[in-house]
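These notes concern the structure reproduced below.
Starting from 1, each residue takes its place in the sequence as its number.
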Amino acid sequence: MEANSERHDKLNLLALYLKNLPDHTPLVPASTTAYGFDFYVADDEEVSVHMGEIGALNREFEIRLGQRNNGPIIFKERGAGLEGLVDVLKSYLEKHKHSNEVVLLHKWLDDLITAAEHVYMSAKVSVSAEWLNNERGLLVKASTTSSLVASSSLEALPDAKAWDAWP
């Protein structure tokens, strides 16, 4: 249960970060986004070539977001196309929760949180417990694995999509 709670908290935090990225990151309409995670569907050919859904998703993340081995991912835009990746991650983490490959998605989740925090730091926008409390009424606690972990339900995110029976 603890792992599910931590995963839920991280997904909430990422959703909050992406929804509120600083203005210096260009806002791109969903119709012209380079990311397109708001309507992501795995390509059947990619699934078979890359040995399963997680491998195909990993490949899509690398293509759309870039490699993450030389520092944090750099978000080139903000908006629904980028924000949709939270729903994609949530769906795949739930669907493949018993797979050994799911660790790859957990790594992406951590790296995406780091990338979002990097955007705020680059814009010299402080992301603090007080800021998160003021923005969305979230309770925030310090974490040893991430600089911040949001502890709340998605009801605290007024623009978030309803997630089915999330533990």
Side-chain angles (χ1 to χ4, degrees), residues 3-123 127 143 145-150 154 157 159-167:
N4 284 340
S5 176
E6 181 180 350
R7 179 179 60 204
H8 182 255
D9 289 346
K10 286 181 177 184
L11 287 165
N12 278 343
L13 181 62
L14 181 60
L16 181 67
Y17 279 165
L18 295 181
K19 184 72 177 168
N20 294 287
L21 283 175
D23 291 342
H24 87 283
T25 304
L27 178 61
V28 176
S31 61
T32 60
T33 182
Y35 294 129
F37 291 113
D38 48 340
F39 293 106
Y40 176 77
V41 177
D43 181 303
D44 290 338
E45 184 177 334
E46 285 289 312
V47 170
S48 63
V49 169
H50 293 287
M51 301 175 60
E53 288 186 330
I54 292 176
L57 181 60
N58 179 62
R59 176 85 173 122
E60 283 300 312
F61 279 171
E62 289 175 344
I63 291 169
R64 296 180 191 200
L65 297 167
Q67 297 289 326
R68 57 187 199 251
N69 56 349
N70 292 325
I73 297 161
I74 305 298
F75 296 131
K76 295 175 176 59
E77 63 186 57
R78 60 188 168 96
L82 179 60
E83 294 167 20
L85 74 83
V86 176
D87 291 331
V88 172
L89 270 172
K90 184 260 177 192
S91 173
Y92 276 70
L93 285 166
E94 183 61 26
K95 183 176 181 180
H96 299 284
K97 64 185 169 191
H98 299 295
S99 169
N100 292 334
E101 295 177 346
V102 79
V103 70
L104 187 59
L105 300 181
H106 286 282
K107 177 70 170 127
W108 272 106
L109 179 56
D110 289 341
D111 289 348
L112 290 165
I113 289 170
T114 298
E117 289 172 344
H118 181 74
V119 171
Y120 286 92
M121 288 184 341
S122 296
V127 178
S143 169
T145 58
S146 175
S147 62
L148 293 174
V149 175
L154 281 176
L157 299 174
D159 298 317
K161 295 178 182 173
W163 289 355
D164 298 333
W166 186 250

Next on the checklist: Tell me whether Tyr35 contacts the main-chain N or O of Lys76 through its side chain, where contact means a donor paired with an acceptor under 3.5 Å.
Outcome noted: yes
Checklist entry - Does the side chain of Leu11 reach to within under 4.5 Å of the side chain of Leu109, using non-hydrogen atoms? => result yes
Checklist outcome for this item: d(Glu83 CD, Leu21 CG) to nearest 0.5 Å is 7.5 Å
Checklist entry - With distance as the sole test, does Thr114 use its side chain to make a donor-acceptor pair with the main-chain N or O of Asp110 at under 3.5 Å? => result yes
Next on the checklist: Using the side chain to side chain contact (heavy atoms under 4.5 Å, CB included) definition, which of the options Leu57, Leu65, Ile54, Leu93 pairs with Trp108?
Outcome noted: Leu65
Item to check | Which residues share a salt bridge (Lys or Arg N to Asp or Glu O under 4.0 Å) with Lys95, sequence neighbours left out | outcome: Glu53
Checklist entry - Between CD of Glu117 and CD1 of Ile113, what distance do you get to the nearest 0.5 Å? => result 7.0 Å
Checklist entry - At their closest point, which heavy atom of Pro22 faces which heavy atom of Val119, and how far apart are they? => result CD-CG1, 3.6 Å
Checklist entry - Nearest 0.5 Å, what's the CZ-CG distance between Phe61 and Leu89? => result 4.0 Å
Item to check | Spacing of CD1 belonging to Ile73 relative to NE2 belonging to His118, to within rounding of 0.5 Å | outcome: 11.0 Å
Next on the checklist: If you compare all heavy atoms of Asp38 against all heavy atoms of Ala30, which two are closest, and at what distance to 0.1 Å?
Outcome noted: OD2-CB, 3.3 Å
Next on the checklist: If we ignore hydrogens and angles and just use 3.5 Å, is the side chain of Tyr17 paired with the main-chain N or O of Leu112 as donor and acceptor?
Outcome noted: no
Checklist outcome for this item: Nearest heavy-atom approach of Val103 to Asn100 is CG1-O, 3.5 Å
Checklist outcome for this item: Rounded to the nearest 0.5 angstrom, the CG-CG distance for Leu105 and Asp111 is 11.5 Å
Checklist outcome for this item: Smallest heavy-atom separation, Leu27 atom then Gly79 atom, equals CD1-CA, 3.9 Å
Item to check | Gap separating the CG atom of Leu85 from the OH atom of Tyr92, nearest 0.5 angstrom | outcome: 12.5 Å
Next on the checklist: Check Glu6 with Lys10, please: is the shortest side-chain N to carboxylate O separation under 4.0 Å?
Outcome noted: yes
